[in-house]
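Read through the structure below, which is laid out as structure tokens, and then see the notes.
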Amino acid sequence: MDSVAVGAYWEANAAEWTRQSRAGLDVYRDALNTPAFLAMLPLVEGLTGLDIGCGEGTNTRQVAARAAKMTAVDIAPTFIAHAEASEAADPRGIDYKVADAALLPFDEATFDFATAFMSMMDVADQQTALKEAFRVLKPGGFFQFSILHPCFVPPVRRNIRSANGEPVAVEIADYFRRTNGDVDTWHFSSLPKEEREGIEPFRVPRFHRTMSDWVSMCVAAGFAIEAFGEPMADEALAAREPVVADTRIAPIFLHIRLRKQG
Ligand SMILES: C[S@@+](CC[C@H](N)C(=O)[O-])C[C@H]1O[C@@H](n2cnc3c(N)ncnc32)[C@H](O)[C@@H]1O
């Protein structure tokens with residue numbers, strides 16, 4: 001599947017995704033994944049940054065709130081329209097553009113840093129997207145991104161639960177089966193079951209790669225690998241937001257920070 005086809009899937013998801021995520025239904029993102037990502041982010045105050053695959057822009061706004069001058073791109077125009085509406089209502093100085101991560105409309109060495117929150121595993125041509133991120137960074141700049149953990153969220157994954165519903169183990173399969181746009185169909189876990197019937201599920205093309213594929217692609221793009229993060233809910237968070245309790249069994253997300261050495 002190519003970027004144009006991937007973009008059409010995301011365009012179809014965008015309005016409902018924006019509505020649900022802004023209603024607080026993306027609990028993994030808001031309670032665990034984004035806070036952990038921001039905790040790992042180096043200081044960005046006064047720097048110019050690019051957010052790749054920004055969606056409706058909530059995470060871009062959090063980076064901008066750390067006093068970075070942000071530009072952000074997404075392949076789906078409806079996501080960019082929602083992000084621009086938030087910017088118009090409450091300006092953070094963010095410049096949004098519709099663009100493909102594999103064909104960034106910026107000159108070489110434009111940005112001090114780049115981020116990509118949960119978008120790189122959705123990009124059809126990840127190797128080219130990594131090369132593009134490298135190209136638009138200034139020497140010395142970093143690229144930090146989060147993805148579904150390649151080891152613990154391969155094409156087949158199932159939570160195994162105790163009799164009272166608590167996650168106790170994870171069953172995984174097909175780790176070595178690279179996918180090229182197999183479409184996953186799902187709702188946010190927090191969308192109440194009784195509401196699901198009337199709401200179309202998200203359809204998300206997946207491009208699963210192994211851990212060694214990711215390392216090879218990052219290095220082939222020219223980057224040095226600087227840091228990994230694997231967010232895990234602590235006991236208090238798991239008690240407050242049981243949806244994320246399964247991250248205490250094995251990580252669902254992987255955070256990677258790369259450096260374009262100066
Ligand atoms: C899981 S969503 C994450 C959105 C946002 N970063 C967030 O954390 O809420 C993945 C995003 O990647 C975008 N995307 C997929 N392929 C892309 C590409 N080739 N170029 C730019 N964006 C892309 C989708 O449109 C979607 O907004």
Side-chain angles (χ1 to χ4, degrees), residues 1-38 41 49-64 70-84 86 94 96-106 114-133 135-136 143-149 153 179-190 201-209 217 231 252-255:
M1 187 183 287
D2 65 11
S3 281
V4 174
V6 171
Y9 275 95
W10 280 105
E11 182 59 16
N13 292 329
E16 189 58 25
W17 183 289
T18 302
R19 187 188 72 76
Q20 291 185 33
S21 63
R22 290 186 179 179
L25 294 178
D26 193 350
V27 176
Y28 281 110
R29 181 187 77 169
D30 297 338
L32 177 71
N33 202 14
T34 295
F37 188 102
L38 294 174
L41 195 71
L50 173 66
D51 189 27
I52 300 169
C54 62
E56 46 77 45
T58 294
N59 284 328
T60 319
R61 294 170 66 76
Q62 297 218 44
V63 181
M70 295 302 294
T71 298
V73 297
D74 198 279
I75 201 157
T78 295
F79 272 137
I80 292 297
H82 284 292
E84 283 176 331
S86 299
I94 305 168
Y96 291 102
K97 285 186 183 2
V98 176
D100 183 347
L103 196 66
L104 292 174
F106 308 108
T115 52
F117 294 79
M118 299 303 288
S119 53
M120 290 299 287
M121 76 278 171
D122 294 329
V123 167
D125 185 350
Q126 294 153 343
Q127 180 67 82
T128 303
L130 282 160
K131 287 182 177 166
E132 279 292 88
R135 182 183 65 77
V136 301
F143 177 33
Q144 183 171 310
F145 65 96
S146 52
I147 51 176
L148 285 174
H149 201 303
V153 196
T179 59
N180 284 304
D182 292 13
V183 176
D184 275 357
T185 300
W186 48 272
H187 293 281
F188 286 133
S189 315
S190 302
F202 302 125
R203 294 193 170 80
V204 176
R206 275 201 63 188
F207 298 86
H208 168 69
R209 299 292 176 268
M217 288 192 290
I252 291 185
F253 309 109
L254 176 64
H255 296 177

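Whatever order the structure lists ligands and atoms in, that order sets their numbers, starting from 1. Predicted, not measured: the structure shown is a model, and the values here were computed from it. Because only heavy atoms are used, hydrogens play no part in the values below, and waters and symmetry mates are left out as well, while side chains stay in.
Pairing each heavy atom of F207 with each of N180, the nearest pair is CE2-C, 3.5 Å. Residues M120 and A129 share a closest heavy-atom pair of CE-CB, 3.9 Å.
Checking only distances, V6 never comes within under 3.5 Å of ligand 1, N or O to N or O. Between W10 and ligand 1, not a single N/O pair is under 3.5 Å apart. Residue A124 has no N or O atom closer than 3.5 Å to an N or O atom of ligand 1. Where the criterion is an N or O separation shorter than 3.5 Å, residue side chain and backbone included, M118 fails it with respect to ligand 1. Below 3.5 Å of separation, one finds an N or O of G53 facing an N or O of ligand 1. At least one N/O-N/O distance between R29 and ligand 1 falls below 3.5 Å.
Around atom 22 (N) of ligand 1, the closest heavy atom drawn from T58, I75, T34 belongs to I75. Of the candidates A99, A76, A83, S119, A99 brings a heavy atom nearest to atom 21 (C) of ligand 1.
Donor-acceptor pairing under 3.5 Å is lacking for the side chains of D26 and S21. T78 and E11 share a side-chain donor-acceptor pair at under 3.5 Å. Side-chain N/O atoms of T179 and D182 include no donor and acceptor closer than 3.5 Å. There is a side-chain donor-acceptor pair under 3.5 Å between N33 and H255.
Within ligand 1, the atoms closer than 4.0 Å to a non-hydrogen atom of A101 are 18 (C), 19 (N), 20 (N), 21 (C), numbered from 1 in the order shown. Listed by number with element, the atoms of ligand 1 under 4.0 Å from a non-hydrogen atom of C54 are 5 (C), 6 (N). Per-residue contacts place D100 under 4.0 angstrom from the following atoms of ligand 1 (heavy atoms of the residue considered): 18 (C), 19 (N), 20 (N). Atom numbering of ligand 1 starts at 1 in the shown order; those under 4.0 Å from a heavy atom of F79 are 25 (O), 26 (C), 27 (O).
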Note to self: Could you walk me through whether F202 and Y9 satisfy the ring-ring contact (aromatic ring centres under 6.0 Å, His included) test, starting with their C-alpha distance in whole Å, then the side-chain angles of each, then the deciding distance to 0.1 Å, before giving a yes or no?
What the structure shows: CA-CA 9 Å; F202 302 125; Y9 275 95; over 10 Å; no
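With a 4.0 Å heavy-atom cut-off, ligand 1 is reached by the backbone of D122 and by its side chain too. Contacts with ligand 1 closer than 4.0 Å are made by heavy atoms of both the backbone and the side chain of F117. The proximity of A14 to ligand 1, defined as any non-hydrogen pair under 4.0 Å, does not occur for either the backbone or the side chain.
Nearest protein heavy-atom contact of atom 25 (O) of ligand 1 is D74 OD1, 2.6 Å.
At least one heavy atom of N59 lies less than 4.0 angstrom from ligand 1. Taking a 4.0 Å cut-off on heavy atoms, A102 fails to register as neighbouring ligand 1.
No donor-acceptor pair closer than 3.5 Å links the side chain of T34 to the backbone N or O of D30. Put simply, the side chain of N13 gets close to the backbone of R203: a donor and an acceptor are under 3.5 Å apart.
A salt bridge links R29 with E56; the closest basic N to acidic carboxylate O contact falls under 4.0 Å. Remark: R206 engages D184 in a salt bridge, criterion side-chain N to carboxylate O under 4.0 Å.
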